[in-house]
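To keep things clear, I will list the structure first and then write my remarks on it.
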Protein chains: 2
Amino acid sequence: MGNINIIKLAEELNLSKSTVSRAFRGGSDINPQTREKILARAKELNFLPNHHASNLRNQKSKTIAVIVPEIANNFFSKAINGIEKIAKDKSYHVLIYLTDDDFQKEVSFVTSLSNGRVDGIIMSVSGEDQDHSYLQVLKRKKIPLVFFDRTYEDIETARVTTNDYQSSFEATEHLVKSGCKKVAYLVVNKNLSIGKTRMQGYIDALKKNNIPFDDHLIIDCSNELDKNKIILRNVFETLKPDGVFASVERLAIASYYVCHEMNISIPDEVKVIGFSSLEISPLLNPSLSTITQPAYKMGERAAELLFEILEKHEEEKEFITRNIVLDSELIQRQSSSLEPVAIS
Amino acid sequence: MGNINIIKLAEELNLSKSTVSRAFRGGSDINPQTREKILARAKELNFLPNHHASNLRNQKSKTIAVIVPEIANNFFSKAINGIEKIAKDKSYHVLIYLTDDDFQKEVSFVTSLSNGRVDGIIMSVSGEDQDHSYLQVLKRKKIPLVFFDRTYEDIETARVTTNDYQSSFEATEHLVKSGCKKVAYLVVNKNLSIGKTRMQGYIDALKKNNIPFDDHLIIDCSNELDKNKIILRNVFETLKPDGVFASVERLAIASYYVCHEMNISIPDEVKVIGFSSLEISPLLNPSLSTITQPAYKMGERAAELLFEILEKHEEEKEFITRNIVLDSELIQRQSSSLEPVAIS
DNA sequence: TTGTAGGCGTTATCAT
DNA sequence: ATGATAACGCCTACAA
C-alpha cells in the first residue's frame with residue numbers, strides 16, 4: 001500500500017525528511033514558514049507521523065494500561081472515567097484489561113505489557129492470595145505501577161486507597177447504634193486485603209460496643225448473584241441477623257433481592273448498609289445506606305500519581321511509593337434507619 | 001538503558017537474530033530444540049519482542065479503539081465488557097476514548113488514530129448533527145469502523161443496533177394500554193438519530209391508538225441531573241403528564257427523583273418506562289419498567305464484526321457494511337402498572 | 001535553518 | 001535449519 005510517510009511528504013515539498021520531522025515536533029529549530037507549509041500539506045493528506053515508528057525511536061508509547069477485575073460496575077467504571085480524563089489531558093492513550101477476577105489473567109496481562117507497549121500501569125488487583133513476584137518484572141523494566149483500591153500489601157509501589165478500616169468501623173457502629181445486635185459481614189474474598197481491612201473495622205467496632213464477635217456471621221459470598229441468593233437465603237433463615245454490612249455493592253444488592261423475596265422488611269427486621277458507588281441508592285426500596293468511595297477522584301489521583309512518576313522517571317529518579325488515602329462518605333438512608341419506615 | 005533485545009539474546013546464545021526471531025513466531029522452519037532453548041532463556045530474562053518494532057515492521061498493531069460518549073453508564077460499560085471479552089480471546093488490545101458527548105473530541109480521537117495506532121475502531125457516536133466527513137480518512141487509510149447503538153446514518157459502515165423504533169412503539173403502546181392519555185417523551189438530543197428513531201416509534205404508537213400528538217410533550221433534556229430536575233419539575237407542574245417515556249436511562253432516573261421530591265406517586269399519578277440497562281430496576285421504588293438493550297451482546301457482536309472485517313481485509317476484500325439488529329426486551333414492572341401498587 | 005546518516009528492534013526474503 | 005541483510009517510518013546528532 002503506497003502509504004504516505006515523512007519521506008514522501010518531504011520529497012513532495014522538496015525538503016529533507018528531517019525538516020519535515022521537525023515540523024511535527026515542537027522544536028524551534030525550524031523556519032516557521034516552512035513549518036506551516038509542511039503542516040498544511042500534511043493536513044490535506046491527513047498525514048500524521050507513524051505511531052509505532054516514533055515510539056520505537058523514542059522508546060516510549062504515550063500509553064498507559066488500566067487493569068481492573070471488571071468494568072460493568074459502578075466503582076470501576078467511574079474510576080476509569082477519572083483515569084481517562086487525566087490521560088486525555090496529557091494526550092496519553094489508555095488500554096483497558098479486565099481480569100474477571102482471575103489471577104492468571106492478571107499475570108498474563110502484566111507480563112505481556114512488560115515490553116514497551118505501555119509507559120505505566122494502573123491496577124486494581126484480582127486479589128488471589130498468590131505469589132506476587134511476577135510484578136518484579138515491572139520494576140526491572142522501569143515500568144511504574146500504581147495500585148488503586150484493591151492492592152497487594154507485600155508489593156512496594158504507589159497506591160491510592162480509601163480509609164476502609166475507618167469507614168467499616170463507622171458503618172458497623174452505625175448499625176449497632178441503630179439497634180442491631182447481630183450484624184452479618186458479607187464479603188466476597190476474605191483473603192483479599194481489602195476484605196480483611198474492612199472486616200477488621202467491623203470486628204473492632206463490635207468489640208468497642210461490647211458485642212461479641214461471632215465467626216459464623218462472616219459470610220463468604222461469590223461474584224454471582226444466583227449463588228449469593230442461595231447463600232443469603234440460608235443466612236436469613238438460619239442465622240437471622242438483624243443487620244447486614246455488605247463489604248461490596250453487589251452483596252448489598254443481593255441482600256435486597258433476598259429480603260424482597262422472603263418478605264423480610266428492611267429496616268424493620270434487618271438493617272442494611274454497604275460499600276456502594278450506586279448513584280441511585282436513594283431511589284431503592286428502601287433507600288440504601290452506603291459507604292461511598294470517591295471512585296472518580298480515585299481514578300484521577302491514581303493517574304496523576306502515575307504521570308508524576310513518569311515525569312520524574314525521565315530524570316532517573318527512584319520510583320515513588322506514596323500512599324494516597326482518600327475519604328469515603330458514610331450516607332445514612334432508610335435501610336439502616338432506627339425509625340419505622342414511612343414508605344415514600 | 002541496556003535493555004535486552006533480540007540481538008543480545010542471539011549473541012548470548014550464539015545464534016543469529018533471525019533464528020531468535022523465528023522462535024517467537026509460530027513458524028515451523030526452526031529446530032524445535034533451538035527453539036526451546038531460546039524461549040527458555042527468554043523467559044528467564046523476561047524478554048518479549050518489542051511491540052513497536054514488530055508493529056512497525058508488520059504494519060499492524062493488534063489493537064482496536066473503542067470510542068464512546070461515556071463509560072460511567074450501565075449500557076456502555078457492559079458493551080465495553082463484551083468488546084473486551086472478544087478482544088481478549090483474539091489477543092487484541094483495547095484502547096478506550098471517552099468523548100464526553102463532545103463532537104470535537106470525537107473528531108480529534110479519530111484523527112489521531114488514523115496513523116497506524118489501531119487496526120480498527122468501534123464507536124458509539126457523540127451525535128452532534130455535524131459534518132461527518134472526517135470519517136472518510138478511515139476509509140482511505142483502510143481502518144475499518146463499526147458503529148454500535150448510536151450511529152450516523154449518512155455514513156456507510158458496519159453497525160450493531162437494536163430495534164429502537166419497534167421497542168419505542170411497544171413501550172408507548174404499553175403506557176397507553178395502561179391508561180395513559182398524555183405521555184411525555186423525554187429525550188437528550190433530538191437531533192441524534194437514535195432520539196429521532198425512538199421518537200418516531202412513540203409518535204406512531206400514539207397515532208395508532210388515536211391519541212393526538214402534542215409537540216409540547218417532547219421534552220428536550222440534558223445530560224446533567226440538576227438541569228433535568230429543573231426541566232422535569234416544570235413539566236410535572238405545568239403539563240401534568242400521566243405517562244413518561246424516557247428515551248435514555250438517566251431521564252427515567254431524573255423522573256424518579258422529581259416525582260419523589262414532588263410527592264407524585266408512580267404509577268398512580270404518572271406511569272414511567274424507560275430505556276435502561278440498570279440491573280437493579282426491580283429494586284427501585286417502585287420497580288422500574290424498562291426497555292433493556294442487550295448491551296453486553298451488542299459489544300460482543302460489534303467486536304466480532306470488526307474482527308471479521310479485519311480478517312477479510314487482509315485478503316483485500318471490500319469493507320463489510322452489514323447492519324446487525326438485536327432485540328431489546330420490554331420488561332413491565334410496577335412503574336407502569338395499571339393496578340394500584342402493593343408496596344413490597 | 002536545513003540536510004545527512006545512523007539506528008531504534010523486528011521480520012521477511014534470500015541465500016547458505 | 002540457520003544466517004545475512006534490507007526494509008518498516010521516525011528522530012536526532014552532527015555537519016553544512
Side-chain angles (χ1 to χ4, degrees), chain A residues 1-39 41-42 45-63 112 114-119 141-142 314, chain B residues 1-39 42 45-63 112-119 141-142 314:
Chain A
M1 187 165 62
N3 236 331
I4 190 152
N5 57 30
I6 233 174
I7 300 186
K8 289 192 195 147
L9 187 53
E11 281 170 4
E12 195 186 321
L13 295 166
N14 265 325
L15 289 165
S16 79
K17 58 179 180 167
S18 22
T19 308
V20 174
S21 175
R22 273 187 275 258
F24 286 100
R25 318 288 106 240
S28 58
D29 50 351
I30 182 174
N31 183 320
Q33 306 201 343
T34 33
R35 188 200 168 122
E36 280 320 306
K37 205 190 311 173
I38 293 168
L39 259 28
R41 185 67 186 129
L45 299 170
N46 295 302
F47 172 75
L48 251 60
N50 180 287
H51 175 243
H52 299 298
S54 313
N55 289 166
L56 174 57
R57 180 59 230 249
N58 292 329
Q59 303 283 55
K60 56 202 285 298
S61 63
K62 281 275 194 180
T63 304
S112 85
S114 67
N115 229 277
R117 192 168 215 115
V118 297
D119 295 343
K141 307 259 174 164
K142 311 264 188 224
E314 288 168 15
Chain B
M1 187 164 61
N3 236 331
I4 189 153
N5 58 28
I6 231 174
I7 300 186
K8 290 193 196 147
L9 187 53
E11 280 169 4
E12 195 185 321
L13 295 166
N14 264 326
L15 289 165
S16 78
K17 58 178 180 169
S18 0
T19 307
V20 174
S21 176
R22 270 189 276 260
F24 286 99
R25 320 285 109 240
S28 58
D29 51 350
I30 183 174
N31 183 322
Q33 304 200 347
T34 32
R35 188 203 167 114
E36 281 319 306
K37 207 190 308 171
I38 293 168
L39 260 29
L45 298 170
N46 295 301
F47 172 75
L48 251 60
N50 180 288
H51 175 243
H52 299 299
S54 309
N55 288 167
L56 173 58
R57 179 61 231 241
N58 292 329
Q59 303 284 56
K60 56 202 287 297
S61 63
K62 281 275 195 180
T63 304
S112 84
L113 288 173
S114 67
N115 229 277
R117 195 172 213 111
V118 298
D119 296 343
K141 308 256 174 167
K142 311 264 187 224
E314 289 169 14

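Each chain gets a letter, A, B and so on, in the order the sequences are listed, and its residues count up from 1. None of the values given here were measured: they were computed from a predicted structure. What you see below is based on every heavy atom in this structure, not just the backbone, and it leaves out hydrogens, waters and symmetry mates.
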CG of Asn115(A) to NZ of Lys141(A): how many Å apart, nearest 0.5 Å?
4.5 Å
How would you label the contact of [X] with the nucleic acid (heavy atoms, under 4.0 Å): base, sugar-phosphate, or nothing?
{"X": "Ser54(A)", "answer": "sugar-phosphate"}
{"X": "Arg25(B)", "answer": "sugar-phosphate"}
{"X": "Asn58(B)", "answer": "sugar-phosphate"}

Atom [atom1] of [X] and atom [atom2] of [N]: how far apart are they, to the nearest Å?
{"X": "Asn50(B)", "N": "dC8(C)", "atom1": "CG", "atom2": "C1'", "value": "8 Å"}
{"X": "His52(A)", "N": "dA7(D)", "atom1": "NE2", "atom2": "C1'", "value": "17 Å"}
{"X": "Leu9(A)", "N": "dT2(C)", "atom1": "CG", "atom2": "P", "value": "14 Å"}
{"X": "Ile7(B)", "N": "dG3(D)", "atom1": "CD1", "atom2": "P", "value": "14 Å"}
{"X": "Asn115(A)", "N": "dC8(C)", "atom1": "CG", "atom2": "P", "value": "15 Å"}
{"X": "Asn55(A)", "N": "dT10(C)", "atom1": "CG", "atom2": "P", "value": "14 Å"}
{"X": "Leu48(B)", "N": "dG9(C)", "atom1": "CG", "atom2": "P", "value": "15 Å"}
{"X": "Arg22(B)", "N": "dG3(D)", "atom1": "CZ", "atom2": "P", "value": "8 Å"}

Distance test, side-chain N/O of [X] to OP1/OP2 of [N], below 4.0 Å:
{"X": "Gln59(B)", "N": "dA7(D)", "result": "no"}
{"X": "Asn31(B)", "N": "dA1(D)", "result": "no"}
{"X": "Asn5(A)", "N": "dG9(D)", "result": "yes"}
{"X": "Thr34(B)", "N": "dT2(D)", "result": "yes"}

Among dT2(D), dT10(C), dG9(D), which is the nearest nucleotide to the side chain of Ala53(A)?
dG9(D)
Taking dT12(D), dT10(C), dC8(D) as options, the one with an atom nearest any side-chain atom of Leu56(B) is dC8(D)
With sequence neighbours left out, what residues match [X] under side-chain hydrogen bond (donor to acceptor under 3.5 Å, both in side chains)?
{"X": "Thr19(B)", "result": "Ser16(B)"}
{"X": "Glu11(B)", "result": "none"}
{"X": "Gln59(B)", "result": "none"}

Where along residues 10-19 of chain B does a heavy atom come under 4.0 Å from DNA chain C, residue by residue in number order?
Lys17(B), Ser18(B)
Residues that His51(B) engages under ring pair (Phe, Tyr, Trp, His ring centres under 6.0 Å), provided they are two or more places apart:
His52(A)
Less than 4.5 Å apart, any side-chain heavy atom of Ile38(A) and any of Leu13(A)?
yes
Just to verify, what does Ser112(B) make a side-chain contact (heavy atoms from CB on, under 4.5 Å) with, not counting sequence neighbours?
His93(A)
